[in-house]
Amino acid sequence: MSHENVELGYLALDSFNRRDLDGFLAVQAENVRADPRLAAVEGGYHSHDGIRRWWKSLFDGIPDFTMDVVEVRDLADDLVLAVAHSRGHGAESATPFEDTIWVPIRFRRGKAVWWGVFLTEGEALDAAGLRE
């Protein structure tokens, strides 16, 4: 199942970059929990409705946000880790940013049930429960 999950990770990130919300949601379970960086501000995102709220908040604030995927690698039977370079400009200030982000994604039966966005590999592994 791990190879399939790696492919699903690439598919989700490709859908994100194409602004294909339906395609992005298609690889996520209805009860998905997401912990992107905005979650600290907005209290987290649960279910497809939560993902839609996050999507709107993100692209309203950073309309040109993109991720150049470096790799998606298998970590466990149900877990992959995506590494990407993100960049964009703030909608209000036009201030540019660039970051490397680490996105662990946990799958169950071919659908993402949890994912998060972190600034370091260590934070991502901790959140995924792979380090103490």
Is a side-chain donor or acceptor of Tyr45 paired with a backbone partner of Arg53 at a separation under 3.5 angstrom?
no
Near Glu30 CD, under 6.0 Å, is it more than 12 heavy atoms from other residues, nucleotides or ligands?
yes
Between Leu79 and Asp74, the two heavy atoms sitting closest are O-OD1, 3.6 Å
Could you go through Leu81 and Val103, starting from their C-alpha distance and side-chain angles, then the distance that decides it, and tell me whether this counts as side-chain contact (heavy atoms from CB on, under 4.5 Å)?
CA-CA 6 Å; Leu81 180 64; Val103 183; 5.7 Å; no
Closest non-hydrogen atoms of Ala34 and Ile51, given as atom of the first, atom of the second and distance, are CB-CD1, 3.5 Å
For Leu75 and Val80, what are the C-alpha separation, side-chain angles and deciding distance, and is it a side-chain contact (heavy atoms from CB on, under 4.5 Å)?
CA-CA 5 Å; Leu75 295 181; Val80 300; 5.9 Å; no
Show, in sequence, the C-alpha distance, side-chain angles and deciding distance for Trp114 and Gln28, and conclude whether the side-chain contact (heavy atoms from CB on, under 4.5 Å) test is met.
CA-CA 8 Å; Trp114 172 79; Gln28 298 186 50; over 6 Å; no
Checking Lys111 side chain against Ala26 main chain: does a donor-acceptor pair fall under 3.5 Å?
yes
For residues Glu123 and Thr120, determine if any side-chain heavy atom of one lies less than 4.5 Å from a side-chain heavy atom of the other.
yes
Sole residue of Ile101, Val83, Asp14 in side-chain contact (heavy atoms from CB on, under 4.5 Å) with Met67:
Ile101
Do His85 and Asp68 have side-chain atoms, one donor and one acceptor, less than 3.5 Å apart?
no
Do Asp99 and Phe97 have side chains that get closer than 4.5 Å, going by heavy atoms?
yes
Interatomic distance, CG@Leu8 vs CG@Leu13, rounded to 0.5 Å, equals 11.0 Å
Any donor-acceptor N/O pair, Asn5 side chain to Asp77 backbone, under 3.5 Å
yes
Shortest non-hydrogen separation from Ala124 to Phe118 and the atoms involved:
CA-CD1, 3.7 Å
Minimum heavy-atom separation for Asp49 and Arg52, please, with both atom names.
OD1-NH1, 3.1 Å
How about Val117 and Asp35: do any of their side-chain heavy atoms sit closer than 4.5 Å?
no
Short question: side chain of His48, backbone of Ala29 - any donor-acceptor pair under 3.5 Å?
yes
Might you point out which heavy atoms bring Phe107 and Gly9 nearest each other, and give the distance in Å?
CZ-N, 4.0 Å
Proximity of Phe16 and Trp55 rings by center, below 6.0 Å
yes
Exercise: identify the closest heavy-atom pair between Ala12 and Val27:
CB-CG2, 3.5 Å
Determine yes or no for a side-chain-to-main-chain donor-acceptor pair under 3.5 angstrom, with Glu7 supplying the side chain and His3 the backbone.
no
CG on Leu130 to CD on Glu121, rounded to 0.5 Å:
10.5 Å
Ring centres under 6.0 Å, that's the criterion: do Trp115 and Trp102 meet it?
no
Can a donor-acceptor pair be found, under 3.5 Å and without considering hydrogens, that links the side chain of Asp64 to the backbone of His89?
yes
The test is side-chain contact (heavy atoms from CB on, under 4.5 Å); show your working for Val6 and Arg73 and say whether it passes.
CA-CA 6 Å; Val6 167; Arg73 66 179 182 243; 5.9 Å; no
